[in-house]
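This report concerns only the one structure given below.
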Amino acid sequence: MDIKVAKFGGSSVADSIQIIKTRDIILQDEGRNYIIVSAPGKRYEGDNKITDLLYLCKTHMDHNLPWEQLFEVIVDRYVAVAHKLGVDGVLDEHFDIIRQKINEGSSTEYIVSRGEYLNAVMIAAYLGYDFVDSAGLILFDDKGKLLHDATDAALSEELSKHKTAVIPGFYGSEKGSTRIRTFSRGGSDITGALVAKAIEASVYENWTDVSGFLMADPRIVENPKPIDSISYKELRELSYMGASVLHEDAIYPARVANIPINIRNTNVPKDKGTFITAHHDPNSNRIITGIAGSKDFTVIALYKNMMSTGRGFVRRLLSILEDLDVNFEHLPSGIDTMSVVLSNASLGDKLDEVISQIKIQLEPDNIEVFQNIALIATVGQGMTSNIGVSARLFTALAEADVNVRMIDQGSSEMNIIIGVENNQMGDAIRAIYGAFEDEEI
Ligand code: ASP
């Protein structure tokens, strides 16, 4: 039998109605033996996530404000859900321990991890699965860096003793200590991927509130088509532009173990969702897999006569950025020209300093700065084997009156990145989508 790992995100376990849905999903497939849960998320627009309330508890504590009332709001939420699920009282002793630890001044990471902990204890009782704590299994070093090999070994050893288990997402502990460490926000996705790798799952199902990825942002394109299958590489290209359904770091463990990730919708379980796989689906006849855009980049364009025959220009340019701790996104180049694309978030208020250092150290003949630039990535492994893709893309942009300020095609040939003015991003994405929506190889 194929063993599966199913991770349920915050909205899938936000209340008893959602948790009952997850049980129905789990029971539908006898391979769904290892379940990872997030803390309860928002039940409705404007609601609070338990994790956010726990962060708030800690802030109250740090400012000597009463945190107890806030904690009781959290307790009440779990108590009501436990009652509806018929597992009353299962969390009582855990609440007492947490209260006591908070009183003793426990760390932020301990406090915020309790959302997942309590949910996993409760859901394990409800399903009749074992509760397996992530502390002692998901292992970090003392700087909070995940220890992949040690985690893999600890998880596979422990889980081999449990036929079925519910495991809390988001946290683990320092190797050789009881100190709780967490991933960054949304990190339960990573826990799921690590468990999938450790038990050599046939698939890592990631249950959320959307039926997988869409070819474009539905706030920009009306009714974009769903993506049935996407390779890890394609996803990486799209997600760095902000198309985020899955935590970025969840991809690596699944990828090295060659385990497909299936994004599914808890509210519409009949939808097949998106499969993220090692290789491009050979049956897919789509040229373009997806389009993603992100605003607020700055392009610094440099011209220097005979740049291409000189030595060290790029190295010196990059070391200026490194010294000033600014990340670069792209580095399109021509014969005697070179542009560097920087995200405003990384640039902060260092633009003047970057420019003055470039002028001093590189002495360009000309330097131009374009601000308010949006980058749009059009991604698809189907592009590599097809002639005329860029012609179609740029024709569509011209017809939509979009002024393209920058072009960069990754050497993998599976993406074309263009830079346009921020206010033309929507038009550009719609134009590209329109040009490829029905295009098949
Ligand atoms: N509960 C954590 C958060 O809200 C982790 C997660 O849900 O994945 O970020």
Side-chain angles (χ1 to χ4, degrees), residues 5-15 18-19 21-22 34-59 70-71 73-75 77-78 81 91 94 98 102 106-124 131-135 137-138 140 144 146 151 155 166-173 180-197 204-210 212 239 242-254 261-267 276:
V5 165
K7 178 257 168 177
F8 291 90
S11 61
S12 303
V13 286
D15 60 19
Q18 291 302 93
I19 296 173
K21 285 186 198 167
T22 67
Y34 297 100
I35 310 300
I36 317 302
V37 292
S38 282
K42 293 185 184 183
R43 295 160 292 183
Y44 45 84
E45 194 63 31
D47 191 20
N48 291 308
K49 292 182 176 187
I50 290 287
T51 310
D52 290 328
L53 293 176
L54 288 163
Y55 274 106
L56 204 57
C57 258
K58 175 67 178 161
T59 314
L70 201 50
F71 189 69
V73 171
I74 297 171
V75 168
R77 224 171 120 173
Y78 281 102
V81 176
L91 296 177
H94 301 280
I98 297 168
I102 300 181
S106 51
S107 69
T108 305
E109 285 171 290
Y110 170 78
I111 296 175
V112 302
S113 71
R114 295 304 90 185
E116 270 72 10
Y117 176 86
L118 291 167
N119 224 16
V121 171
M122 179 175 69
I123 293 173
F131 165 74
V132 175
D133 197 356
S134 311
L137 300 179
I138 307 278
F140 295 83
L146 179 70
T151 295
L155 276 173
V166 178
I167 303 147
F170 188 41
Y171 74 93
S173 58
I180 296 292
R181 301 302 303 240
T182 58
F183 294 114
S184 57
R185 297 298 304 266
S188 299
D189 285 340
I190 312 171
T191 313
L194 293 167
V195 172
K197 177 171 185 297
Y204 167 27
E205 294 180 338
N206 191 292
W207 291 85
T208 174
D209 53 4
V210 290
S239 60
S244 63
V245 171
L246 187 71
H247 193 297
E248 281 235 308
D249 297 345
I251 296 175
Y252 176 75
I261 305 174
N262 186 196
I263 309 289
R264 301 286 295 262
N265 190 342
T266 300
N267 303 318
I276 310 166

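Counting convention: from 1, in listed order, for ligands and their atoms alike. As the structure is a prediction and not an experimental result, all values here were calculated from the model.
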Should the pair Arg77-Asp47 be classified as a salt bridge under the 4.0 Å nitrogen-to-oxygen rule? yes
OG1 (Thr51) and CD (Glu116) are apart, to the nearest 0.5 Å, by 5.0 Å
Atom 6 (C) of ligand 1: which protein heavy atom is closest, and how many Å away? Ser188 OG, 3.3 Å
Non-neighbouring partners of Ala193 that pass side-chain contact (heavy atoms from CB on, under 4.5 Å), sequence neighbours left out: Tyr204, Ala250, Pro253
Less than 4.5 Å apart, any side-chain heavy atom of Ile102 and any of Phe71? yes
Close approach, Gly10 and ligand 1, non-hydrogen under 4.0 angstrom: no
Tell me the protein heavy atom at minimum distance from atom 1 (N) of ligand 1, and give that distance in Å. Glu116 OE2, 2.6 Å
Tell me, which protein residue and heavy-atom name are nearest atom 4 (O) of ligand 1, and how many Å apart are they? Arg185 NH2, 2.8 Å
As an exercise, identify every atom of ligand 1 less than 4.0 angstrom from a heavy atom of Gly186. 3 (C), 5 (C), 6 (C), 8 (O), 9 (O)
The criterion is ring pair (Phe, Tyr, Trp, His ring centres under 6.0 Å); which residues satisfy it with Tyr117, sequence neighbours excluded? His94, Phe131
Considering only the protein, which heavy-atom contact is closest to atom 7 (O) of ligand 1, and what is its distance? Ser38 OG, 3.1 Å
